[in-house]
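Below is one structure, written out as structure tokens, with a few remarks after it.
Residue numbering restarts at 1 for every chain, and letters A, B, ... go by the order of the sequence lines.
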Amino acid sequence: MEHWHPNPDFFFQPGGGPILDIGPYYITNLVQLIGPVKRVAALAATPASERTITSKPRFGEKIKVTTPTTIHALLEFENGATVTFNASWDVWKHGHAPIELYGEEGTIFVPDPNFFGGDVMMTNRTDAVKKLPKWEHAFAVPNQQHAQGMMANYRASGLADMALGILEDRPHRCSLELSLHVIDVMTGILRSGETGRFVAMRTTCERPEALSPAQAKAMLARKK
Amino acid sequence: MAKKLGVGVIGCGNISAAYFMLAPLFKGIEMRAGADLDVKMAQARAKEFGVRASSVADLLASDDIDIVVNLTIPAAHYEVSKAILDAGKHVYSEKPFVLSVREGQDLKKRADRKGLRIGSAPDTFLGGAHQRVRSLIDGGKVGRVHQRHVLRHEPRYGALASES
């Protein structure tokens, strides 16, 4: 945020904040995995009313914070699943996995949904937690060098899926219905943070169709 | 040769590089033009990726552009997407798609009237890791999911930046 972006003001004004900035990755993934949300509630806080820019060229300049930077939200899904969602720009270090998913028969540890790849860990009942063996999916293959090592980056796959959907006359996965529902969830969380009340969702959506390994492979252009 | 749709970009800032760089990996799309209120930004990206630099008005009037990708700042998403749809082009927006349900419903009306599509990032859920989790859940590997815990804490300093 203020330590890397040259003009970080917008992060700390209404329309910014961690829910609208990073929430889309998490909430979209939850909706594709579990389905639509029924209602939400949240506590919102602004521990620091002012931030100091440490990026160039405005190093040392202060920014006023006018949107919450710490949010604790509860989400109830239409199928009955209950979720705790926590987003903050006020934490130095923590020891949590990005997403932990609890089922009747086991737990899945989901990697950061800001990225396409990463290790999926799982356990059944009382078994030890295991990293699952490699899965052949075209959009998990590392293709870019990052500071953390080689990573899978297939941004624009949603755009390509929409174009192919138009050409093949079928629905696309990163759809209006899905993104509108995610906006409903995020703005509902912020509203609940202001009012202290549960907020019922006004929209709903179908889960986007899964993208199988074969379907992902078929989306790739042949290498020249 | 397989059919492709022509793609133009409005907003040639940070994230546009990812789209111009990665789009050629996929079937169905061809990046053709970039526009920005700051003409120099559009020219720099156009040169970098071998597409044409364009004004927003020219981009929206171009016959070879079928889909316009909206990479402007969140506060401008609604107005820019509206202009794209009103010009008769499909729109694909960066996240967050809009800042209110009302704005999104208005865009849906405009798109439906003209038979146009709207899409929006994020698309990271199409990634192999998340589709695998989807297959585990759909295959009943952990039974019915009744609860989950999601955490996103951005370290205040020293984190690796990946967004806009």
Largest heavy-atom contact set with chain A, pairs under 4.5 Å, which of [options]:
| options | answer |
| --- | --- |
| B:Gly143, B:Pro24, B:Pro122 | B:Pro122 |
| B:Ile67, B:Val101, B:Val69, B:Val91 | B:Val101 |
| B:Ser120, B:Ser100, B:Gly104 | B:Ser120 |
| B:Pro96, B:Ala18, B:Ala23 | B:Pro96 |

Which atoms of [X] approach chain B - backbone, side chain, both or neither, heavy atom under 4.5 Å:
| X | result |
| --- | --- |
| A:Leu178 | side chain |
| A:Asp119 | neither |
| A:Pro171 | backbone |
| A:Glu209 | backbone |
| A:Pro213 | neither |
| A:Asp184 | both |
| A:Leu220 | both |
| A:Gln144 | side chain |
| A:Thr107 | backbone |
| A:Glu177 | side chain |
| A:Ala152 | neither |

Could you go through B:Arg132 and A:His137, starting from their C-alpha distance and side-chain angles, then the distance that decides it, and tell me whether this counts as side-chain hydrogen bond (donor to acceptor under 3.5 Å, both in side chains)?
CA-CA 8 Å; B:Arg132 179 175 215 178; A:His137 191 286; over 6 Å; no
Could you give the distance from [atom1] ([X]) to [atom2] ([Y]), rounded to the nearest 0.5 Å?
| X | Y | atom1 | atom2 | answer |
| --- | --- | --- | --- | --- |
| A:Leu20 | B:Lys95 | CG | NZ | 9.0 Å |
| A:Arg155 | B:Glu94 | CZ | CD | 6.5 Å |
| A:Asn153 | B:Leu25 | CG | CG | 9.0 Å |
| A:Leu211 | B:Asp123 | CG | CG | 10.5 Å |

Of all heavy-atom pairs between [X] and [Y], which one has the smallest distance, and what is that distance?
| X | Y | result |
| --- | --- | --- |
| A:His172 | B:Arg117 | ND1-NH1, 3.0 Å |
| B:Ile29 | A:Ala156 | CD1-O, 4.3 Å |
| B:His130 | A:Phe115 | NE2-O, 2.9 Å |
| B:Phe125 | A:Arg173 | CZ-O, 4.1 Å |
| B:Gly28 | A:Ala163 | O-CB, 3.5 Å |
| A:Gly118 | B:Ala129 | O-CB, 3.7 Å |

Which pairs, with at least one residue in residues 69-88 of chain B and sequence neighbours excluded, count as a salt bridge (Lys or Arg N to Asp or Glu O under 4.0 Å)?
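Non-adjacent pairs meeting salt bridge (Lys or Arg N to Asp or Glu O under 4.0 Å): B:Glu79-B:Lys82, B:Asp86-B:Arg110.
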Whether the side chain of [X] engages the backbone of [Y] through a donor-acceptor N/O pair (distance < 3.5 Å, no angle test) should be reported.
| X | Y | value |
| --- | --- | --- |
| A:Asn124 | B:Lys141 | yes |
| B:Arg134 | A:Gln32 | yes |
| B:Thr124 | A:Asn114 | no |

[X] vs [Y] side-chain heavy atoms within contact, under 4.5 Å:
| X | Y | result |
| --- | --- | --- |
| B:Asp66 | A:Ile166 | no |
| B:Val145 | A:Ile108 | no |
| B:Asp138 | A:Arg207 | yes |
| A:Tyr154 | B:Leu126 | no |
| A:Thr203 | B:Gln105 | yes |
| B:Leu136 | A:Val120 | yes |
| B:Phe26 | A:Asp161 | no |
| A:Ile99 | B:Val133 | no |

Quick one: of [options], who has the most non-hydrogen atom pairs under 4.5 Å with chain B?
| options | answer |
| --- | --- |
| A:Glu168, A:Gln13, A:Arg170 | A:Arg170 |
| A:Leu159, A:Leu180, A:Thr28 | A:Leu159 |
| A:Thr187, A:Leu164, A:Val182 | A:Leu164 |
| A:Ser175, A:Ala160, A:Ser157, A:Gly15 | A:Ser157 |

For atom NZ of B:Lys114, decide whether the heavy atoms of other residues, nucleotides or ligands shown that lie under 6.0 angstrom number more than 12.
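Atom NZ in B:Lys114 is crowded, with more than 12 foreign heavy atoms closer than 6.0 Å.
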